[in-house]
There are 2 protein chains.
Amino acid sequence: MVYDYAGMVALADPTRRKVFELVAEGPRSVANLARILPVSQPAISHHLKVLREARLVRAEPRGASNIYHVDPHGLGEMRAWLDQMWGNALDAFRNEINKAKERKE
Amino acid sequence: MVYDYAGMVALADPTRRKVFELVAEGPRSVANLARILPVSQPAISHHLKVLREARLVRAEPRGASNIYHVDPHGLGEMRAWLDQMWGNALDAFRNEINKAKERKE
DNA sequence: GTTTATCATAAGCCATGGTTTATGATTATG
DNA sequence: CATAATCATAAACCATGGCTTATGATAAAC
């Protein structure tokens, strides 16, 4: 699996996570996000850039505005990694149980 | 949903993520992790503390050693959040498509 | 054409946090 | 009992990165 963890890094910051969650609810412009959140417009733009590079959102120019949408790609990659970890965790449990059994036998 | 995002913050750091991935493969002691990874033992201990507080791992004392195991709890919380975001993303797409249709009608 | 709105980038500031060294506590070993 | 091994915590250092202000570029509005 090729996962560069960009999604995790992107979503670790509270403000950036909030930006993402808002965009995930529905398409929003930069100005709209800047009005809602208690940070400057450049801060929003920077966060969106990080989210864009992590393929968590994508931009769609509309006149002078830039409308941001969710990009399923980034979420999908994260989910794949998470599922693999989940599988490993279950395997680890199985091994522990087996070892415990062997010790008893 | 009550999710404090501790898991995301914990897994955003590369070394800490590596620690977690190693523990996810199977139980390991602090000393063992310190031997494998290119950081000091206190660094490992600190990372494990963060992972512990995020309920991603749990410790089990065994003599002078401390064996760390995966804790499914943290991964489960992350997955729940991820699934909700995934749902929102799909809903957003549906809404966009519907709006596009309405504009055409 | 002038003004207003939207947005991205750059520069600089500063807090957060990841790291190391130092240390003490606990447990195994001899 | 003495030594060695394992681990957690504290203090201090410093790079990373999130934020603001400043600025320019593009597009809408008047």
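Numbers restart at 1 for each chain; the letters A, B, ... are given by sequence-line order, proteins then strands.
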Find which nucleotide of DNA chain D each of A:Asp13 and A:Gly63 is nearest to by heavy atoms, and output the residue with the more 5' nucleotide.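 Per heavy-atom nearest nucleotide, the more 5' residue is A:Asp13.
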Counting only side-chain nitrogens and oxygens, does [X] get under 4.0 Å of the OP1 or OP2 atom of [N]?
X: B:Ser40; N: C:dT20; answer: yes
X: A:Ser65; N: C:dC7; answer: yes
X: A:Ser29; N: C:dT6; answer: no

Look only at the side chain of B:Arg16 and the backbone of B:His47, and say whether a donor-acceptor pair between them is shorter than 3.5 Å.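 No, B:Arg16 side chain to B:His47 backbone: no donor-acceptor pair under 3.5 Å.
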Do A:Arg17 side-chain atoms and A:Ala12 backbone N/O form a donor-acceptor pair below 3.5 Å?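 It does hold such a pair.
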Determine the contact category for A:His47: base if any of its heavy atoms lies under 4.0 Å from a base atom, sugar-phosphate if only primed atoms, P, OP1 or OP2 are that close, otherwise nothing.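 The residue A:His47 makes sugar-phosphate contact but no base contact.
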Over all strands shown, is A:Ala31 touching base, sugar-phosphate only, or nothing at heavy-atom distances under 4.0 angstrom?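 Sugar-phosphate, backbone atoms only, no base.
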Start and end of chain A contact along DNA chain D [non-hydrogen atoms, under 4.0 Å]: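 Terminal contacting nucleotides, 5' to 3': D:dG18 to D:dA28.
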Check the distance between [N]'s [atom2] and [X]'s [atom1] and give it to me in whole angstrom.
X: B:Gln41; N: C:dT21; atom1: CD; atom2: P; result: 12 Å
X: A:Glu60; N: C:dC7; atom1: CD; atom2: P; result: 13 Å
X: B:Ile44; N: C:dG17; atom1: CD1; atom2: P; result: 19 Å
X: A:Lys49; N: C:dT9; atom1: NZ; atom2: C1'; result: 7 Å

Please determine whether residues [X] and [Y] belong to a single hydrophobic cluster, defined as Ile, Leu, Val, Met, Phe, Trp and Tyr linked transitively by side-chain heavy-atom distances below 4.5 Å.
X: B:Leu82; Y: B:Trp86; value: yes
X: A:Leu51; Y: A:Tyr5; value: yes
X: A:Val70; Y: B:Trp81; value: yes
X: B:Ile44; Y: B:Val9; value: no

